[in-house]
Amino acid sequence: MNSSTKINYLRTRWLRVVTASVLLALSLAATAGESGRFVVLPVENPRYCGNGFFRAFENYSSPRIGQLRSRYGLDAVVAGESDEWKRILLLRHWIKSNIAIENDNPTQTRGDTFAILDAALKGGKFHCTHFSIVQHAVLNSFGYVTRRLGCGPGLKDDGGHHGVNEVWVNKFSKWVLIDAKYDAHFEKNEVPLSALEIRDELWRNGAKSVIRLVGPDRSPMRPDPRTGKWETRPDTYRWCSWETDTNRFTTFPARPTSTLVVLEDEIFRNNTWYRDGKPHWAYDTPYFIKTTRRDWIEWTPNVITSKVTTADGRALVFLGSCTPNFRSFQIMDEDGTWRDCDEQVELSLDSGDSKRFTFRTMNLFGVTGPEHRVEFGLN
């Protein structure tokens with residue numbers, strides 16, 4: 001090969017390499033542009049927290065669920081009311097209206113919801129534990145995830161104990177402490193508070209910004225010394241424990257456990273919880289289950305978590321949730337109607353438009369969870 005031919009050969013080879021490189025770069029750019037045309041946008045959805053302790057749920061299929069609602073006419077209590085929070089308040093008010101208070105000598109009966117209500121409707125009187133047992137069963141029978149707590153001021157000279165409930169309210173995407181004995185709850189800036197939120201406010205500044213509201217109309221409450229003035233104070237929630245027995249109603253007559261979950265934070269470590277003048281009975285026993293994970297206590301029923309991938313103008317959305325008595329995920333159609341969908345949803349992303357998709361959970365009772373949005377925008 002002479003020098004001229006060799007130069008032409010090298011020139012041709014170089015042009016082929018350059019051309020191939022340019023074509024490859026254009027191809028990669030086109031592919032990237034196609035797959036990356038839409039990107040997932042940040043969205044402020046309800047926070048998802050997994051459930052580390054409270055895995056036992058009341059059984060939708062238990063005949064006790066239907067028996068409770070029909071035997072005491074509970075469906076009529078909430079008839080015509082679609083707002084979830086108002087329905088909860090109406091059910092709480094019904095319990096208060098049908099059970100009289102007796103702190104020292106309650107009516108002797110089996111500690112079961114049916115036995116308590118039957119005795120109460122015949123004039124029986126009960127203390128806070130009985131109220132919380134009944135409220136736990138009533139609210140769960142409507143599909144509202146509810147659990148029982150034991151709380152107290154925890155001081156050596158002020159160490160009483162109070163049994164109450166927390167209910168998960170989808171409308172607020174949070175736990176709310178509710179007290180059936182006094183038909184009451186706490187709020188700050190018109191937002192209902194959880195047990196830990198009340199506790200935080202109390203330790204922070206004596207709960208100066210917290211008010212206690214009573215009844216379905218949420219009227220400010222004046223503590224009544226005749227029925228236990230101390231129980232109506234925020235101080236009652238300086239210490240809190242959660243029963244792990246969250247399915248005690250439908251597992252009856254199984255004996256409930258005494259295990260209690262407590263938050264092991266600086267407050268717990270640096271102070272002692274007194275009950276009736278002595279350290280709480282569960283200290284130095286296996287019955288205190290301590291956790292540093294506040295989010296495991298305030299886990300989020302019915303809330304969705306999602307993972308999204310995009311490729312070739314389409315998106316795959318993988319949905320997850322911890323929904324007791326789960327029935328289905330749902331997606332909102334363009335006309336605003338809801339329809340069931342699978343846990344994996346494939347979405348078409350039309351070129352040139354931003355896209356928003358809304359999902360929620362539904363349980364077997366027909367209760368729907370907080371909405372979860374997935375949005376896409378042009379890259």
Side-chain angles (χ1 to χ4, degrees), residues 51 53-99 109-121 124 126 129-149 163-171 175-176 178-180 242-257 299-303 321-330 340 360-369:
N51 181 359
F53 292 109
F54 309 98
R55 303 290 295 187
F57 309 126
E58 298 291 7
N59 181 9
Y60 169 83
S61 301
S62 170
R64 287 169 63 82
I65 294 289
Q67 289 169 5
L68 181 65
R69 291 172 61 162
S70 62
R71 186 165 172 170
Y72 304 105
L74 296 179
D75 289 321
V77 175
V78 294
E81 181 56 72
S82 59
D83 183 273
E84 175 188 77
W85 176 229
K86 292 180 180 178
R87 285 166 65 90
I88 291 171
L89 295 181
L90 288 171
L91 291 167
R92 185 188 70 188
H93 183 67
W94 180 89
I95 296 169
K96 167 62 177 174
S97 300
N98 285 280
I99 304 179
T109 188
R110 186 181 73 244
D112 171 59
T113 298
F114 287 104
I116 295 169
L117 282 174
D118 288 345
L121 294 174
F126 297 93
T129 295
H130 304 97
F131 280 88
S132 67
I133 289 172
V134 171
Q135 186 167 234
H136 172 94
V138 167
L139 295 184
N140 274 301
S141 75
F142 281 85
Y144 305 128
V145 183
T146 310
R147 55 192 182 181
R148 297 182 66 227
L149 293 83
V164 288
N165 302 91
E166 272 188 327
V167 60
W168 174 263
V169 185
N170 294 289
K171 178 178 181 177
W175 290 98
V176 175
I178 47 173
D179 185 349
W242 289 258
E243 290 189 0
T244 58
D245 242 356
T246 49
N247 62 343
R248 62 157 51 223
F249 176 58
T250 54
T251 57
F252 179 86
R255 184 179 178 85
T257 180
W299 68 283
T300 56
N302 311 331
V303 170
S321 179
C322 189
T323 298
N325 293 292
F326 177 78
R327 198 208 77 170
S328 67
F329 290 108
Q330 293 191 315
D340 291 350
R360 69 182 184 184
T361 59
M362 176 179 283
N363 69 17
L364 292 169
F365 295 87
V367 175
T368 55

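With sequence neighbours left out, the side chain to side chain contact (heavy atoms under 4.5 Å, CB included) criterion links Thr361 to Asn302, Ile304, Ser321, Thr323, Phe326, Phe329.
Looking at every heavy atom in both residues, Val145 comes nearest to Trp299 through CG1-CZ2, 4.4 Å. In plain terms, the two heavy atoms of Ala180 and Ile95 that are nearest each other are CB-CG2, 4.0 Å. When all heavy atoms of Arg360 and Gly369 are compared, the pair lying nearest together is CB-O, 3.9 Å. The two residues Ile99 and Ala120 come nearest to each other via the heavy atoms CG1-CB, 3.9 Å. Heavy atoms only, all atoms of each residue included: Gly143 and Asn363 are closest at O-ND2, 3.2 Å. The minimum heavy-atom distance linking Arg147 with Thr246 is given by the pair CB-CG2, 4.0 Å.
Side-chain contact between Phe126 and Thr109 is present, with heavy atoms from C-beta onward closer than 4.5 Å. Between Pro301 and Trp175, some side-chain heavy-atom pair lies under the 4.5 Å cut-off. Inter-residue side-chain proximity for Asn51 and Phe57 is flagged as met; some heavy-atom pair is nearer than 4.5 Å. Looking only at side-chain heavy atoms (C-beta outward), Leu149 and Trp242 come within less than 4.5 Å of each other. Side-chain contact between Leu68 and Phe249 is present, with at least one heavy-atom pair separated by less than 4.5 Å. For the pair Phe252 and Thr113, the minimum side-chain heavy-atom distance is 4.5 Å or more. Ser132 has its side chain out of reach of Val164: every pair of non-hydrogen atoms, C-beta onward, lies at least 4.5 Å apart.
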Set out, in order, the CA-CA distance, both residues' side-chain angles and the distance that settles side-chain contact (heavy atoms from CB on, under 4.5 Å) for Arg327 and Asp340, then state yes or no. CA-CA 9 Å; Arg327 198 208 77 170; Asp340 291 350; 2.5 Å; yes
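The distance from atom CD1 of Ile133 to atom CZ of Arg248, rounded to the nearest 0.5 Å, is 5.0 Å. The distance from atom NZ of Lys171 to atom OG1 of Thr368, rounded to the nearest 0.5 Å, is 12.5 Å. We find the OH-CZ distance between Tyr72 and Phe114 to be 6.0 Å, quoted to the nearest 0.5 Å. To the nearest 0.5 Å, atom OH of residue Tyr60 and atom OG1 of residue Thr250 are 13.5 Å apart. Distance check: Asn59 CG to Asn140 CG gives 11.5 Å after rounding to the nearest 0.5 Å. Distance check, rounded to the nearest 0.5 Å: CG of Leu91 to CD1 of Ile178 gives 9.0 Å.
Here the rule is side chain to side chain donor-acceptor pair (under 3.5 Å) with Gln135, and of Asp179, Asn165, Thr146 only Asn165 fits it.
Listed by first and then second residue, the salt bridge (charged side-chain N to carboxylate O under 4.0 Å, His left out) pairs involving residues 57-73 are Arg64-Asp112, Arg69-Asp75, Arg71-Asp118 (not counting sequence neighbours).
Comment: Arg148 engages Glu243 in a salt bridge, judged by a side-chain N to carboxylate O separation of less than 4.0 angstrom. A salt bridge is absent between Glu81 and Arg87: the closest approach of a Lys/Arg side-chain nitrogen to an acidic carboxylate oxygen does not fall below 4.0 angstrom.
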